*Asks:* 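Provided herewith is a single structure, encoded as structure tokens, for subsequent inquiry.
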Number of protein chains: 2
Amino acid sequence: MFKLSKKVEYGLIALRHMALVDTITTAKEIATHYQIPFDLLAKVMQKLAKTKIIISHQGIRGGYKLAGSANNISVMSVIQAIEGHIPGIVQCIDEGLENCSIHQNCTIRDPLHKVQKNLESTFINLKVSEIV
Amino acid sequence: MFKLSKKVEYGLIALRHMALVDTITTAKEIATHYQIPFDLLAKVMQKLAKTKIIISHQGIRGGYKLAGSANNISVMSVIQAIEGHIPGIVQCIDEGLENCSIHQNCTIRDPLHKVQKNLESTFINLKVSEIV
DNA sequence: TATTAATACGACTTATTAAGTCCGTGAGTT
DNA sequence: AACTCACGGACTTAATAAGTCGTATTAATA
């Protein structure tokens, strides 16, 4: 409950690592260095590549490197890249009101929406470069 | 990922309901009114009663009522009462460093700790009475 | 004092989501 | 051509959340 997924965790670790080494790096390197399951990390990095947060190079001397500076990468963009959408703290914020039986007399959605916004701006303002 | 549990959701709904009606209320009443599974809600309310957020009365005209004013009940205290502990946004914050293989060269824990603190103060400052 | 309607609480089952694995494909370098 | 990397879908396993069930306890009241 209320945890970031391992995928996001791994993604942040990988990005931070790439920011530090500043050369092309392979998923395997990062996986062994931090003892992260390779297959899982590989997919996470593929998603980061798809959204242009990192740039991939195939082939024998291939790997990944950051597309830009680490202080332009927000944690929010990483979450979005990996999870596909911004998670909502309660179901109705996350998925909409469709399968909510009480939206008529729901008393908690509005205030939790504020919490949600607060949370989001925290993640937007937090850059990968700050992850020291 | 990153959602409050249904139990917490139900707890907040129940508390808000009790704040509104201001008389002794049963779990059954709330369950039927909001279409919440009775057994689950009952246990949630028992936990709220154990931590003295609400007061329980057994017996035939029994039920629950708020122990105090709704603006003295923080969402954080509700989470804590129901979940038993304050959830951490990543495993090492939630459970400690025991089963973390990279704590030596972890690059993400400290900044996420700030996010965690921010989050917690949001939940501490948000009172059940504000849940309008 | 028997009945009834409520809470209390542990054990259990089911459903959902997260985490991890496997396997074949495609790409670029040497 | 061979090697080593990324790519990506399908699948399995593990973990957690959600929900259910059974039984005990408590107190009002007829």
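This structure is a prediction, so every number in the text was calculated from the model and none was measured. Sequence lines set the chain letters: A, B, ... in the order given, protein chains first and strands last, and positions in each chain run from 1.
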*Asks:* Taking atom P of dA15(D) as reference, at what distance in whole Å does atom NZ of K3(A) sit?
*Replies:* 13 Å

*Asks:* Any base atoms under 4.0 Å from K50(A), or only sugar-phosphate, or nothing? Heavy atoms, all strands.
*Replies:*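 Sugar-phosphate only.
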
*Asks:* dA27(D), dG8(D), dC9(C): which one has an atom nearest the side-chain heavy atoms of I60(B)?
*Replies:*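 Nearest nucleotide to the side chain: dA27(D).
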
*Asks:* Return the value, rounded to whole Å, for the distance between atom OH of Y64(B) and atom C1' of dA5(C).
*Replies:*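 Taking OH of Y64(B) and C1' of dA5(C), I get 13 Å after rounding.
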
*Asks:* Calculate the interatomic distance between E9(B) atom CD and dA17(D) atom C1'; express it in whole Å.
*Replies:*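 So the two atoms are 13 Å apart, to the nearest Å.
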
*Asks:* In terms of the nearest nucleotide of DNA chain D, which residue is placed more toward the 5' end: F38(B) or R61(B)?
*Replies:*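 The residue mapped nearer the 5' terminus is F38(B).
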
*Asks:* Starting the side chain at C-beta, find the nucleotide from dA18(C), dC7(D), dT7(C) nearest to S56(B).
*Replies:*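 Between dA18(C), dC7(D), dT7(C), the one nearest the side chain of S56(B) would be dT7(C).
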
*Asks:* Base, sugar-phosphate, or nothing: which does M1(B) touch, judged by heavy atoms less than 4.0 Å apart?
*Replies:*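 The answer is sugar-phosphate, as M1(B) gets under 4.0 Å only of primed atoms, P, OP1 or OP2.
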
*Asks:* Do L97(A) and R109(A) come close enough that some side-chain heavy atom pair is under 4.5 Å?
*Replies:*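 Yes, their side chains come closer than 4.5 Å.
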
*Asks:* Atom CD of E29(A) to atom P of dA6(D): distance rounded to whole Å?
*Replies:*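 So the CD-P distance, E29(A) to dA6(D), works out to 9 Å.
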
*Asks:* Heavy atoms from C-beta onward define the side chain here; which of dC23(C), dA18(D), dA19(C) lies closest to that of S5(A)?
*Replies:*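 Side chain of S5(A) sits closest to dA19(C).
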
*Asks:* Can you confirm whether F2(B) sits close enough to L119(A) that some side-chain heavy atom of one is under 4.5 Å from a side-chain heavy atom of the other?
*Replies:*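 Answer yes - side chains close enough.
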
*Asks:* What is the separation between atom CD1 on I30(A) and atom P on dC5(D), rounded to the nearest whole Å?
*Replies:* 13 Å

*Asks:* Record whether the side chain of K43(A) comes under 3.5 Å of the base of dT21(C) through a donor-acceptor pair of N or O atoms.
*Replies:*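 Yes, a donor-acceptor pair under 3.5 Å.
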
*Asks:* Which nucleotide wins on minimum distance to the side chain of L40(B), given the candidates dA18(C), dG19(D), dT7(C)?
*Replies:*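 The answer is dG19(D).
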
*Asks:* Heavy atoms only: give me the nearest S121(B)-N118(B) pair and the separation to one decimal.
*Replies:* OG-O, 2.9 Å

*Asks:* Hey, are the side chains of K7(A) and V44(A) touching, using non-hydrogen atoms and a 4.5 Å cut-off?
*Replies:* yes

*Asks:* Rounded to whole angstrom units, what separation is found between the CG atom of D39(B) and the P atom of dG19(D)?
*Replies:* 11 Å

*Asks:* Within the 4.0 Å heavy-atom criterion, would you say K47(B) contacts the bases, only the backbone, or no part of the nucleic acid?
*Replies:*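 Since no nucleic acid heavy atom lies under 4.0 Å of K47(B), the category is nothing.
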
*Asks:* With heavy-atom distances below 4.5 Å as the criterion, would you say the side chains of I108(A) and E9(B) are in contact?
*Replies:*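 I108(A) vs E9(B): side chains touch.
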
*Asks:* With no angle test and no hydrogens, is the base of dT26(D) tied to the side chain of Q58(B) by a donor-acceptor pair under 3.5 Å?
*Replies:* no

*Asks:* Across the strands shown, which category fits A27(B) at heavy-atom distances under 4.0 angstrom: base, sugar-phosphate, nothing?
*Replies:* sugar-phosphate

*Asks:* With no hydrogens and no angle check, is any side-chain donor or acceptor of Q116(A) less than 3.5 Å from a backbone partner on I89(A)?
*Replies:* yes

*Asks:* Can you tell me how far C1' of dA6(C) sits from NZ of K65(B), to the nearest Å?
*Replies:* 15 Å

*Asks:* Choosing from dC21(D), dA6(C), dA6(D), which nucleotide comes nearest the side chain of T26(B)?
*Replies:*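 Of the candidates, dA6(C) comes closest.
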
*Asks:* Measuring from the side chain of Y10(B) (C-beta onward, heavy atoms only), which nucleotide among dA17(D), dG19(D), dT7(C) has the closest atom?
*Replies:* dG19(D)

*Asks:* Which comes earlier along DNA chain D counting from the 5' end, the contact point of H57(A) or that of E83(B), where each point is its nearest nucleotide?
*Replies:* H57(A)

*Asks:* In whole angstroms, how far is the P atom of dC5(D) from the CD1 atom of I54(A)?
*Replies:*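 Taking atom P of dC5(D) as the reference, CD1 of I54(A) is at 16 Å.
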
*Asks:* Closest to the P37(B) side chain: dT20(D), dC9(C), dT7(C)?
*Replies:*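 Side chain of P37(B) sits closest to dT20(D).
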
*Asks:* So which one's nearest nucleotide on DNA chain C is more toward 5', K6(A) or G59(A)?
*Replies:* K6(A)

